[in-house]
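Notes for the one structure printed next.
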Amino acid sequence: MEFFIDTADVNEIAELVETGLVDGVTTNPSLMAKTGQSYQDTLAAICDLVDGPVSAEVTALEPEAMLQEGRHLSKIAENIVVKVPLTWNGLRACKMLRDEAIQVNVTLCFSASQALLAAKAGATYISPFVGRLDDLGQNGMELIRVISEIYGQYKHSLQTKILVASVRSPLHVVEAARLGAQVVTVPAKVLKQMAQHPLTDKGLEAFLKDWAKTGQSIL
Ligand code: G3P
């Protein structure tokens, strides 16, 4: 399973890349706006830090304009993946961008039928938003299960990877992995939470207490 970081914060990305746990980055207009920095410069800086795919979203709504923006974004760096929304026009733009061999992440997916269309349009990634479905009292992970089942039926003809987005907790990540999702994009906070367990802290405290009693040091 690949781990992408869901942020546009260059410092945060730089810190996490050092761990070797980061396979890519996803951004969106809201995350970009939060940085207060230039869109182009921020994307270029992120692509310098990360070897893997970096998703950059278009903001146009018409297919031709999305295509123009997508072409422009894809020139920032080789690892840019153009993100388009899962609208009818977004699907048309996806097809056009894929025809030019530009990688596409189709985002804002909330249903299996949308995911099916994105795959047919040649999406490199489909981004179902699990947390936002949970927020509505629906079951985000159930959508991942259904998409995974559908894509699995056509695994020889559909190449689209499931990129689980809007992840709010380590449990979302674990469930996504159990369902075989190829990618999960997580906020830095969730990635760090994944390493935490109170019994680990308690165990370590006891080990160090006992170790101190020996009066020894390893070095
Ligand atoms: O990158 C898109 C997605 O991960 C957004 O997450 O928490 O704003 O629903 P969230």
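Keep in mind it's a predicted model, so treat the numbers as computed, not measured. Whatever order the structure lists them in is the order used to number ligands and atoms, beginning at 1.
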Heavy atoms, side chains only, cut-off 4.5 Å: are [X] and [Y] in contact?
X    : Y    : result
F4   : V22  : no
T124 : R98  : yes
I126 : Y151 : yes

(request) Non-hydrogen atoms closer than 4.0 Å to ligand 1: which protein residues do they belong to? List them by chain and number, please. (result) D6, N28, K83, F129, R132, A165, S166, R168
Donor-acceptor pairs are to be reported for all side-chain atoms of residues 58-68 against protein atoms at under 3.5 Å, with residues two or more places apart or in another chain.
unit_1, atom_1, unit_2, atom_2, d
E64, OE2, Q68, NE2, 3.1

Anything under 3.5 Å between a donor and an acceptor, one on a side chain of residues 165-178, the other on a protein residue two or more places apart or in another chain? List them.
unit_1, atom_1, unit_2, atom_2, d
S166, OG, G131, N, 3.4
S166, OG, R132, N, 3.1
S166, OG, R168, NH2, 3.1
R168, NH1, D135, OD1, 3.0
R168, NH1, D135, OD2, 2.9
R168, NH2, D135, OD2, 3.4
S169, OG, L171, N, 3.4
S169, OG, H172, N, 3.4
H172, ND1, R168, N, 3.0
H172, NE2, D134, OD2, 2.7

Contacts table for residues 192-208: side-chain donor-acceptor under 3.5 angstrom, sequence neighbours left out:
unit_1, atom_1, unit_2, atom_2, d
K192, NZ, E15, OE2, 3.0
H197, ND1, L199, N, 3.0

